[in-house]
Amino acid sequence: MAFQSFRELRVWQEAKRLAVDIYELTSETGLAKDFGLRDQMRRAAVSIASNIAEGYERKSDPDFVRFLYIAKGSLSELITQLEIAKDVGLIPEEWLLPLDDQCGKVGAMLTKLIQS
């Protein structure tokens, strides 16, 4: 592994930014009062960056790939939760579009890293 720390991985940086944005979303929209969905979204978002970091620190390519797949699973959970929140009127469309783009970017980065 070429990096000194998982903090140098662009995919980790993007996933961390996504988690921060999810915290902002869930604090400033109708999700602030829906504790179940709010907490589930926060856990899924934090799990993405956390699994990237944990896998990297295992210092084993097979372990790293396994944790990247777990991160992809958490990302899929988050995408689903965002769609549900939009469909039930808890978040406006203007919040969803940039977050959906961020999720797509992180997903593509994870896929590329898994393949390398």
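Numbering of residues begins at 1 and proceeds along the displayed sequence. Treat the numbers as computed from the prediction; the structure is a model and nothing was measured.
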Do E54 and F6 come within less than 4.5 Å of each other through their side chains, counting heavy atoms only?
no

Apply side chain to side chain contact (heavy atoms under 4.5 Å, CB included) to residues K105 and D101 and explain how you reach the verdict.
CA-CA 6 Å; K105 182 177 181 179; D101 288 345; over 6 Å; no

With a 4.5 Å heavy-atom cut-off, do D39 and T26 have their side chains touching?
no

Please answer: with hydrophobic residues joined when any side-chain heavy atoms are less than 4.5 Å apart, are L96 and L75 in the same cluster?
yes

Using a 4.5 Å cut-off on heavy atoms from C-beta on, say whether the side chain of L37 contacts that of L31.
yes

Between the main-chain N or O of Q4 and the side-chain N or O of E8, is there a donor-acceptor pair closer than 3.5 Å?
yes

Is there a donor in the side chain of R38 and an acceptor in the side chain of T29, or the other way round, less than 3.5 Å apart?
no

Can you list, by chain and residue number, the hydrophobic cluster partners of I70 when the side-chain cut-off is 4.5 Å?
F67

In Å and rounded to the nearest 0.5 Å, what is the OG to CD1 distance from S27 to I22?
10.5 Å

Does a donor on one side chain and an acceptor on the other come within less than 3.5 Å for Q40 and R43?
yes

Taking only Lys NZ, Arg NE, NH1 and NH2, and the carboxylate oxygens of Asp or Glu, determine whether D21 and R17 approach each other closer than 4.0 Å.
yes

S74 to A44 - nearest heavy-atom pair and separation:
CB-O, 3.6 Å

Residues that Q81 engages under side chain to side chain donor-acceptor pair (under 3.5 Å), provided they are two or more places apart:
none

I'd like to know if the side chain of Q13 and the backbone of R7 have a donor-acceptor N/O pair within less than 3.5 Å.
yes

Rounded to the nearest 0.5 angstrom, the CG-CG distance for L68 and L110 is 6.0 Å

Taking the side chain as every heavy atom from C-beta outward, state whether F64 and R58 have any atom pair closer than 4.5 Å.
no

Between I48 and V20, is there shared hydrophobic-cluster membership here, with clusters defined by ILVMFWY side-chain heavy atoms closer than 4.5 Å?
no

Looking at NZ of K72 and CD1 of I52, how far apart are the two atoms once the value is rounded to the nearest 0.5 Å?
11.0 Å

Kindly say whether S47 contributes a backbone atom to a donor-acceptor pair with the side chain of N51 at under 3.5 angstrom?
yes

Are any of the side-chain heavy atoms of L9 and M109 separated by less than 4.5 Å?
no

Just how far is it from atom CD1 of I79 to atom SG of C103, taken to the nearest 0.5 Å?
4.5 Å

To the nearest 0.5 Å, how far apart are CG in L78 and CE in M41?
5.5 Å

Kindly compute the distance separating CG (L97) from NZ (K86), expressed to the nearest 0.5 Å.
9.0 Å

Does any part of the side chain of I84, heavy atoms only, come nearer than 4.5 Å to the side chain of L90, both counted from C-beta?
no

Transitive ILVMFWY side-chain link I91 to L18, under 4.5 Å:
yes

